[in-house]
Novice: 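Before I ask anything, here is the structure I am working with.
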Amino acid sequence: MPELPEVETIVRELKSYLPGRKIKNVTVLWDKTFLNLSPVKIEDQSVQSLGRRGKYILIYLERSVLIVHLRMTGQLLFQQKGSGVIRADHLRVAFNFQDGSALLFNDVRKFGRIYHLQNADEKLQKVGIDAVDPTLTASGFYRMLQSSKMNIKAFLLSQRFVAGMGNIYVDESLFRSKIHPASVSDKIKRSAAKRLFDEMQAVLSFAIEHMGSTISDYRDANGKVGNAQNFFYVYQQQGTPCVTCGNPIKKIKHAGRGTHFCETCQKLYV
DNA sequence: CCATGTACCTGAAGGC
DNA sequence: TGCCTTCAGGTACATG
């Protein structure tokens with residue numbers, strides 16, 4: 001489910017809720033979700049700060065860190081003390097704070113993971129630079145493309161070069177920059193690479209402003225749906241006319257994923 | 001190095 | 001009303 005804009009929305013909200021709250025205990029209802037790999041105990045530690053790298057949520061405690069990945073259907077919900085009980089029909093892990101509030105991990109498909117670690121670095125070794133990191137530039141992005149012979153869809157989905165893009169925002173960014181998803185990364189011209197970089201930034205910041213996209217399961221930390229799904233040009237728009245040329249948007253299987261694009265507007269670089 | 005398939009899970013939707 | 005298949009915002013791992 002969630003890609004960079006959805007994860008960013010959750011992190012921004014949690015920044016206003018979690019710092020300073022002290023963990024009383026942790027309830028684990030599905031063992032595989034919570035990997036407790038730190039020798040330091042989690043009880044009695046306070047949340048210090050929040051961070052994000054790609055789709056990973058980082059919750060820094062005093063002596064260790066929690067790394068959360070929502071995968072397809074994970075939700076991180078903040079349960080205020082005393083207010084109505086937040087909906088969590090598939091609760092897997094609950095972090096209960098001493099003041100009576102709680103952070104709930106709800107996840108229908110059980111793919112989501114929470115790692116309790118000494119240090120975040122080990123887990124993030126193979127994750128590329130965050131897609132909205134201000135130090136990432138169009139020319140830096142072009143250099144990364146030059147280093148790879150993967151098709152551009154797989155390149156963007158891999159998280160190895162740039163982290164945070166998923167199936168929705170890859171398809172939207174490729175459409176808006178007029179690049180065919182099967183294009184070979186190191187064959188993409190400098191000007192097209194610049195276009196792709198700029199459209200990635202535009203697509204992601206627009207989605208963040210609209211609190212992410214809800215297809216089915218995504219909810220923010222308050223349990224609310226996003227709004228960016230109302231503005232897709234190609235994702236799940238197969239059959240509808242392309243906004244540029246009017247030909248129907250196509251859906252194919254590519255890089256193992258449903259892939260939406262316009263075959264007349266998007267140029268194939270090979 | 002790269003592409004493809006499978007596994008991990010549940011539930012919704014569509015075909016018959 | 002079933003029953004069966006396919007598909008889903010992701011990633012890790014095995015195999016050519």
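Below, chains carry the letters A, B, ... as their sequence lines are ordered, and counting in each starts from 1. Since the structure is predicted, the reported quantities are computational estimates derived from the model, not experimental observations.
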Novice: Given the C1' atoms of C:dC3 and B:dC8, what is the spacing between them in whole Å?
Specialist: 24 Å
Novice: Please work out which of the three classes, parallel, tilted or perpendicular, describes the rings of A:Phe231 and A:His210, given edges at 30° and 60°.
Specialist: tilted
Novice: Answer with base, sugar-phosphate or nothing: what part of the nucleic acid does A:Lys126 contact at a heavy-atom distance below 4.0 Å?
Specialist: nothing
Novice: Which residue in the set A:Tyr169, A:Phe206, A:Phe261, A:Phe175 passes ring pair (Phe, Tyr, Trp, His ring centres under 6.0 Å) when paired with A:Tyr233?
Specialist: A:Phe175
Novice: What is the distance from CZ of A:Arg109 to P of C:dC7, rounded to the nearest Å?
Specialist: 13 Å
Novice: Is it the case that A:Gln79 and A:Ser101 place a side-chain donor and acceptor less than 3.5 Å from each other?
Specialist: no
Novice: Rounded to the Å, how far apart are A:Met165 CE and C:dG10 P?
Specialist: 11 Å
Novice: Under a 3.5 Å cut-off on both pairing distances, which runs of 3 or more consecutive Watson-Crick or G-U pairs involve DNA chain B?
Specialist: B:2-8 with C:10-16, B:10-16 with C:2-8
Novice: On DNA chain B, reading 5' to 3', which nucleotide is the first and which the last to sit with an atom under 4.0 Å from a heavy atom of chain A, could you check?
Specialist: B:dC2 to B:dG11
Novice: Give a yes or no on whether a salt bridge exists between A:Asp130 and A:Arg53, defined as a side-chain N under 4.0 angstrom from a carboxylate O.
Specialist: no
Novice: A:Met72 CE to C:dG10 P: how many Å, rounded?
Specialist: 6 Å
Novice: Would you please name every residue forming a ring-ring contact (aromatic ring centres under 6.0 Å, His included) with A:Tyr56, sequence neighbours left out?
Specialist: A:His69
Novice: When you measure from the side-chain N and O atoms of A:Gln159 to the phosphate of C:dT11, is any distance below 4.0 Å, counting only OP1 and OP2?
Specialist: yes
Novice: What integer distance in Å separates A:Ile215:CD1 from C:dG10:P?
Specialist: 10 Å
Novice: Would A:Lys123 and A:Tyr115 count as a cation-pi pair here, with the cationic atom under 6.0 angstrom from the ring centre and within 45° of the axis?
Specialist: yes
Novice: Say we look at C:dC4 and B:dC9: how far apart would their P atoms be, to the nearest angstrom?
Specialist: 23 Å
Novice: Hey, does A:Ser216 reach any base, or is it just sugar-phosphate, or nothing, if we go heavy atoms under 4.0 Å?
Specialist: base
Novice: Can you list, by residue number, the residues of residues 220-232 of chain A that have a non-hydrogen atom closer than 4.0 angstrom to DNA chain B?
Specialist: none
Novice: For A:Asp107, report the nucleic acid contact type (base, sugar-phosphate, nothing); a contact means any heavy atom under 4.0 Å.
Specialist: nothing
Novice: To the nearest Å, give me how far apart NZ (A:Lys253) and C1' (C:dC7) are.
Specialist: 7 Å
Novice: Check the distance between C:dG10's P and A:Tyr56's OH and give it to me in whole angstrom.
Specialist: 12 Å
Novice: When you check the gap from the basic side-chain N to the acidic O, do A:Asp171 and A:Lys153 get nearer than 4.0 Å?
Specialist: yes
Novice: Please report, rounded to the nearest Å, how far the C1' atom of C:dG10 is from the OH atom of A:Tyr169.
Specialist: 15 Å
Novice: In terms of hydrophobic clusters joined by side-chain contacts under 4.5 Å, are A:Tyr269 and A:Met150 together?
Specialist: yes
Novice: Would you call the rings of A:Phe155 and A:Phe141 parallel, tilted or perpendicular, where under 30° means parallel and over 60° means perpendicular?
Specialist: perpendicular
Novice: Output yes when A:Asp44 and A:Lys22 qualify as a salt bridge under the 4.0 Å nitrogen-oxygen rule, no when they do not.
Specialist: no
Novice: Tell me, please, which residues at least two apart from A:His116 pass ring-ring contact (aromatic ring centres under 6.0 Å, His included).
Specialist: none
Novice: A:Tyr142: what forms a ring-ring contact (aromatic ring centres under 6.0 Å, His included) with it, not counting sequence neighbours?
Specialist: none
Novice: Please classify the nucleic acid contact of A:Gly166 as base, sugar-phosphate, or nothing, using heavy-atom distances under 4.0 Å.
Specialist: sugar-phosphate
Novice: Could you check how far CZ of A:Arg113 sits from C1' of C:dT11, rounded to whole Å?
Specialist: 10 Å
